[in-house]
Each structure stands twice: as structure tokens, then as C-alpha cells.
Amino acid sequence: MLITHDTRCALDAVVDLVNTAPEDETTPDALPDVAALAEFVHKHAISDVGVLSEFDLSAVRKIRGRFAGIFAARDARTAAGLINELVAAAGTTPRLTDHDGYDWHVHYFAPGASVADHLAADCGMALAFFVVSGEQERLRRCEAPDCRRAFVDLSRNRSRRYCDSRTCGNRLHVAAYRARRKEAAG
């Protein structure tokens, strides 16, 4: 599957967005205010975004939950339905652009769209490419029992199980090793 630069940027943004949600009632929201949303927009170089407001923050949190549903979808039909709802509500308007030193690429959001509609359109279409190519199973949640972070498995053989092999994966491998050693010793 060919993943273009703008699609990869949209995938990174949607994964980071989904992972800003609190995992439970004890975890704080990583998008607590408009300043955090502005930092998110800056980090992901989201273009054509005007002055952000509380309305934008609320709208982005709402689509964040809808994107989380796509990562939780059990099958392509469910994921496709959720993606269709997101991109339709955003009023997608595909257009070619070559801004900020990047070569020609497609933006799916309408000119002047809100940041929520921008994310819904561009990130929704990036996820749509995975469903269309039969790769929806690459949209995953970490398999570590204490982590449910979203990620896109871009490994060649679709074998990635953890959001980060250095943290979640390594922690589980060390725990399994210690359990085997304890069992062997005693």
C-alpha cells in the first residue's frame, strides 16, 4: 500500500488525536483547553486554520470519539459506515494544492472549514484508504492490558501488537520473562 506524505501526516494526526482522549475517569484529557488544541494544530502543521475557540475544542473532541470508533470497529463495513458519516458531515471538497513547499497533494476539506471539519475530512479519507485497500485491520489498539492507545500498523507483515515496542511491548516481554524465571525457580 502506497502511503503519500499527506496521508501519513493525516494518519499521524488522527492517531495522536484519538490518543488524547482520557483512557478512564482517572486519566486527564490531553486536550483540556484551546491552548492544547492550538499546540496540536501546530504540532501537526494543520493548514488553513483560523483563530481557535471553545467551539472548535468541543467539535474536535466530538470527532475524536468518532475516530476512536473507527479504530474499535470489528469489520470493514462498520469502519466504512463511520468514515462515511465523518467525511459527509465535514462537507468534503477534494482539491489539489501545493502549499508550504510541498509538491501537489489533495486536501479534502473545504476552504475555510473549521479545524474539526478539516480533521474529519483529511483524516477520514486517510483511514478510508485502508478500508478500500482491504487493510482495515491495520487500524489497531495496543494489546498491552493496561494500554489501549490507537496506532496504525505499518509493518510489512501486519504483526505489530503494541503502540510502542519500547514501552508496552518491552514491559510485557520483561514481565513474561520474570514470570518464566520465577516458575522455573520455584
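One hydrophobic cluster holds both Val87 and Leu96 under the rule that ILVMFWY side chains link at heavy-atom gaps under 4.5 Å. Note: the hydrophobic cluster containing Leu37 does not contain Phe55 (ILVMFWY, side chain heavy atoms under 4.5 Å, direct or indirect links). Residues Val132 and Val106 do not share a hydrophobic cluster, defined by chaining ILVMFWY side chains whose heavy atoms lie under 4.5 Å apart. By the rule that hydrophobic residues join a cluster once side-chain heavy atoms approach within less than 4.5 Å of another member, Val131 and Phe151 end up as members of separate clusters. Side-chain heavy atoms closer than 4.5 Å link hydrophobic residues (I, L, V, M, F, W, Y) into clusters, and following such links, even through other members, never connects Phe109 to Leu82.
Side-chain N or O atoms of Thr7 include none that pairs as donor or acceptor with a backbone N or O of Ile3 at under 3.5 Å. Here the side chain of Arg161 pairs no donor or acceptor atom with the backbone of Cys142 at under 3.5 angstrom.
Counting only residues at least two apart or in different chains, salt bridge (Lys or Arg N to Asp or Glu O under 4.0 Å) contacts with residues 67-77 are absent. Within the structure, every pair that satisfies the side chain to side chain donor-acceptor pair (under 3.5 Å) test and touches residues 82-93, not counting sequence neighbours, is listed here: Arg66-Glu85. Within the structure, ring-ring contact (aromatic ring centres under 6.0 Å, His included) contacts touching residues 10-29 (residues at least two apart or in different chains) do not occur.
Here the shortest heavy-atom pairing between Ala79 and Ala73 reads N-CB, 3.7 Å. Across all their heavy atoms, Gln136 and Ile70 have their closest contact at NE2-O, 4.4 Å. Scanning both residues, Val152 and Arg160, for their nearest heavy atoms gives O-NH1, 3.5 Å.
For Glu23, the CD atom is densely surrounded, since the number of other residues' heavy atoms within 6.0 Å is greater than 12.
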* To do: Decide side chain to side chain contact (heavy atoms under 4.5 Å, CB included) for Leu127 and Leu11; before the verdict, give the C-alpha distance in whole Å, the side-chain angles of both, and the deciding distance to 0.1 Å.
  => CA-CA 7 Å; Leu127 296 176; Leu11 291 172; 3.9 Å; yes

* Assess whether side chain to side chain contact (heavy atoms under 4.5 Å, CB included) is satisfied between Ser114 and Asp56, documenting all intermediate values. => CA-CA 7 Å; Ser114 70; Asp56 292 310; 4.1 Å; yes

* Val60 and Leu57: CA distance, side-chain angles, deciding distance, side chain to side chain contact (heavy atoms under 4.5 Å, CB included) verdict -> CA-CA 5 Å; Val60 168; Leu57 178 62; 5.7 Å; no

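In this view, His42 satisfies the ring-ring contact (aromatic ring centres under 6.0 Å, His included) rule with no residue, not counting sequence neighbours. The side chain to side chain contact (heavy atoms under 4.5 Å, CB included) search around Thr97 returns His99, His105, His107, not counting sequence neighbours. Scored by the ring-ring contact (aromatic ring centres under 6.0 Å, His included) test, His44 finds Phe40 as partners (sequence neighbours excluded). For Asp24, the side chain to side chain contact (heavy atoms under 4.5 Å, CB included) partners are Thr26, Thr27, not counting sequence neighbours. Among residues two or more places apart in sequence or in another chain, the ring-ring contact (aromatic ring centres under 6.0 Å, His included) test is passed with Phe71 by none. Glu25 pairs by the side chain to side chain contact (heavy atoms under 4.5 Å, CB included) definition with nothing, not counting sequence neighbours. Every residue two or more places apart in sequence or in another chain that forms a side chain to side chain donor-acceptor pair (under 3.5 Å) with Arg8 is listed here: Asp12. For Glu137, the side chain to side chain donor-acceptor pair (under 3.5 Å) partners two or more places apart in sequence, or in a different chain, are Arg158.
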Side-chain atoms of residues 116-126: list all donor-acceptor pairs with protein atoms under 3.5 Å, sequence neighbours left out, distances to 0.1 Å.
| unit_1 | atom_1 | unit_2 | atom_2 | d |
| --- | --- | --- | --- | --- |
| His118 | ND1 | Ser47 | O | 3.2 |
| Asp122 | OD1 | Tyr108 | N | 2.8 |

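For the pair Asp29 and Arg61, the salt-bridge criterion is met [side-chain N within less than 4.0 Å of a carboxylate O]. The pair Asp16-Lys43 counts as a salt bridge, with a side-chain nitrogen and a carboxylate oxygen less than 4.0 angstrom apart.
Note that CZ of Phe67 is 11.0 Å distant from CG of Leu139, once rounded to the nearest 0.5 Å. Interatomic distance, Glu143 CD to Cys163 SG, rounded to the nearest 0.5 Å: 11.0 Å.
Checking Asn19, Val18, Leu17 one by one against Val15, the side-chain contact (heavy atoms from CB on, under 4.5 Å) holds for a single residue, Asn19.
The cationic atom of Arg140 (NZ for Lys, CZ for Arg) does not lie both less than 6.0 Å from the six-membered ring centre of Tyr162 and within 45° of the ring axis.
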